[in-house]
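As structure tokens, the structure follows; a few thoughts come after it.
A note on names: the letters A, B, ... follow the listed sequences, proteins ahead of strands, and every chain is numbered from 1.
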2 protein chains.
Amino acid sequence: MPDATIPGSAKGERTRAVIAETALRLFRERGYDETTMRAIAAEAGVSTGNAYYYFASKDHLIQRFYDQLQTDHAVASAPTLATAESFAVRLAGVLHAWLEIARPYHSFAGSFFKTAAEPTSPLSPFSAESSPARDAGIALFRTVVQGSSATLDPQLRDDLPELLWIYHMGLVLFWVHDPSPDQRRTAGLIDRSVPMVDRIVRLSRTRLLRPVTREVLDLVRYLRS
Amino acid sequence: MPDATIPGSAKGERTRAVIAETALRLFRERGYDETTMRAIAAEAGVSTGNAYYYFASKDHLIQRFYDQLQTDHAVASAPTLATAESFAVRLAGVLHAWLEIARPYHSFAGSFFKTAAEPTSPLSPFSAESSPARDAGIALFRTVVQGSSATLDPQLRDDLPELLWIYHMGLVLFWVHDPSPDQRRTAGLIDRSVPMVDRIVRLSRTRLLRPVTREVLDLVRYLRS
DNA sequence: GTCTATAGTGGGATAGAC
DNA sequence: GTCTATCCCACTATAGAC
């Protein structure tokens, strides 16, 4: 036996991984509702009891999917973030990157989305369990802001990444409901809304709009408190 | 004509109503997940099979709840709409009215909200089955706009009600996730966001913001097409 | 601590007799 | 239109093997 220091732990992690990967594969092949825990366990070569030993519920298998998606998104966004300087280009690049890496999962995302939408669910993007993925998402948008050539109100510079993440969540909501082939309408929505966001961010420093900017920032702080 | 011509139909409608009312009562008393179809059927004095004869699924029982809420909302909004002239006051009145009539259902709304969020669900506010409720909602906001003293760009005047309905859906989303007592944070969100909306609507006609207004309206039309 | 096997519960949904 | 009987599956419980 290799590894006597943490007995079984390595093996356990491998079993956990096998179950998670099998589940994800079956979800993609058959859809979420059509994939039973029995089938996942059988296909992974473990007992159903064992599957439940590692994952508290069928829903918990999706947490893996989130983390995977988040990692892939960061990787797919890297080229844009490394080269583009314009805020609008960086933002559009990151959003389109998400669209591309998420595309293969569109049909099955729809079927488990309901679970994520439930307030008490650990899969909700607003839940405590999701805070690592959420923080990673906000961090990505922080990179979008910080690397851009745009000059911003300092306070807005701090809070804008969170606002952009919420904007992204709105796009995801639209995407989930988007029946068009390859979700082209969502792509269109990005292409049409990014320039608006860009323009509004630029205008936020003007005398006319500064009061609104203040109100928005106050609101963000109120909601965080 | 109210008729003896369709025999049994009246009886059927009564059975349907009894089941729906029983279900709503039990949902409020015990919560959605904790109320089984067996319990609903038993309490209503019918068999479970019969309950399924009238309602294709447990979720379908909620459609009744939607309609009820929509009707109550219109009634609760009437006083404000009959008296207030300022756009901000009318909007805030209608939104707070919703908050009040929805309050008793907050805890159970959370548990079935997931169903409504599912794209393929007939309960989704964007579904074809929900279009009557959606249209009624938009009509309510049309009254908010049309009865107000504010002067608006004609095109915006046409599309603003739909935008306000979407804004309302956003507030509902927040409300569902709001754990504060009596959902006070949602009330705070309304109080802080309505002045912003009001200000932005006023500013939409200024030279500086007109391009953004155009873009927003183009976007709305794109999404409708 | 990791895993199997098995037996069982409860609830959404359905089939088919009447 | 209404019933009874049954299916299916998520999930639990448990007892024990390595």
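Going from atom OH of A:Tyr52 over to atom P of D:dC11 covers 4 Å, rounded to whole Å. If you take CZ of B:Phe55 and P of D:dT2, they are 12 Å apart, rounded to a whole angstrom. Counting to the nearest Å, the P atom of D:dA10 and the CG atom of A:Leu61 are 11 Å from each other.
Of all the residues in residues 27-45 of chain A, A:Thr35, A:Thr36, A:Met37, A:Arg38 reach under 4.0 Å from DNA chain D with at least one non-hydrogen atom.
The nucleotide whose nearest atom lies closest to any side-chain atom of B:Lys58 is, among C:dT2, D:dA10, C:dG12, C:dG12. If you check D:dC11, C:dA13, C:dG1 against the side chain of B:Ser57, the one that comes closest is C:dA13. Distances were taken from every side-chain heavy atom of B:Thr48 (C-beta onward) to each of C:dT14, D:dT2, C:dT4; the shortest belongs to C:dT14. Out of C:dT2, D:dT2, C:dT4, the shortest distance to the side chain of A:Lys11 is found at C:dT2.
Looking only at side-chain heavy atoms (C-beta outward), B:Glu29 and B:Arg25 come within less than 4.5 Å of each other.
Contact annotation: B:Asn50 side-chain N/O to D:dG1 OP1/OP2 distance is not under 4.0 Å. Side-chain N/O atoms of B:Tyr54 include one lying less than 4.0 angstrom from OP1 or OP2 on D:dT2. For the OP1/OP2 pair of D:dT2 and a distance below 4.0 Å, the side-chain nitrogens and oxygens of B:Tyr53 include no atom meeting the criterion.
Here the two rings, on A:Phe65 and A:Phe108, have centers that are under 6.0 Å apart.
Note that A:Lys58 lies in the cation-pi zone of A:Tyr32, set by a 6.0 Å cut-off to the ring centre and a 45° limit from the axis. Figure legend: cation-pi geometry between A:Arg28 and A:Tyr105, with NZ or CZ positioned under 6.0 Å from the six-membered ring centre and within 45° of its axis. By the 6.0 Å and 45° rule, A:Arg192 stacks over the aromatic ring of B:Tyr222. A cation-pi arrangement is found for B:Arg16 relative to B:Phe55, the charged atom lying closer than 6.0 Å to the ring centre and inside a 45° cone about the ring normal.
Between A:Ala56 and B:Thr15, it is B:Thr15 whose nearest contact on DNA chain D lies nearer the 5' terminus.
Residue A:Trp175 forms a ring-ring contact (aromatic ring centres under 6.0 Å, His included) with just one option from A:His106, A:His168, A:His96, and that option is A:His106.
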